[in-house]
Amino acid sequence: MNRSMWNRMTSYSESQLTETPVWECSKPDCPCWMRKSLTFVRQPKCPACGSEMTENKRMLPKLQNNPK
């Protein structure tokens, strides 16, 4: 991928970022996280290590719902 293509992709994605509620693993060495809107339980466990998850926010691309 050439540099100009990469710059267009990153500038597009940066303009589409929104503050999004997420669940993050409470274990410091586990990188697991998930969007809060895509979970089905009130207090999920980490799917990778089984630890408790804590609420936080991240800047993520907005998801679009495309019903078929």
Side-chain angles (χ1 to χ4, degrees):
M1 178 179 317
N2 66 35
R3 187 185 259 318
S4 63
M5 179 183 268
W6 175 255
N7 287 338
R8 281 186 300 219
M9 288 172 45
T10 56
S11 64
Y12 172 76
S13 62
E14 286 172 4
S15 68
Q16 300 296 321
L17 297 179
T18 59
E19 189 173 62
T20 308
V22 297
W23 289 107
E24 293 182 337
C25 183
S26 61
K27 194 172 179 184
D29 58 338
C30 183
C32 193
W33 64 273
M34 64 183 88
R35 290 176 187 259
K36 196 170 180 185
S37 63
L38 298 178
T39 58
F40 300 106
V41 295
R42 286 189 179 188
Q43 182 66 46
K45 299 277 187 187
C46 177
C49 71
S51 297
E52 296 289 326
M53 305 277 293
T54 58
E55 295 181 60
N56 205 348
K57 294 187 180 193
R58 288 183 179 223
M59 295 302 289
L60 300 172
K62 186 175 181 178
L63 295 180
Q64 293 182 350
N65 186 4
N66 295 328
K68 292 184 179 183

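What's counted below: heavy atoms across the whole structure, side chains too, no hydrogens, waters or symmetry copies.
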Is there a side-chain contact between [X] and [Y], using heavy atoms and a 4.5 Å cut-off?
{"X": "Met53", "Y": "Thr39", "answer": "no"}
{"X": "Cys32", "Y": "Pro47", "answer": "yes"}
{"X": "Cys46", "Y": "Cys30", "answer": "yes"}
{"X": "Met59", "Y": "Glu19", "answer": "yes"}

Taking Ser26 for its side chain and Glu52 for its backbone only, find out whether a donor-acceptor pair lies under 3.5 Å.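 Side chain of Ser26 to backbone of Glu52, a donor-acceptor pair under 3.5 Å: yes, one is there.
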
Could you grab the distance from atom NZ of Lys57 to atom NZ of Lys36, nearest 0.5 Å is fine?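 Interatomic distance, Lys57 NZ to Lys36 NZ, rounded to 0.5 Å: 9.0 Å.
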
Rounded to the nearest 0.5 Å, how far does CD of Glu55 lie from CD of Gln43?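 Answer rounded to 0.5 Å: 7.0 Å.
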
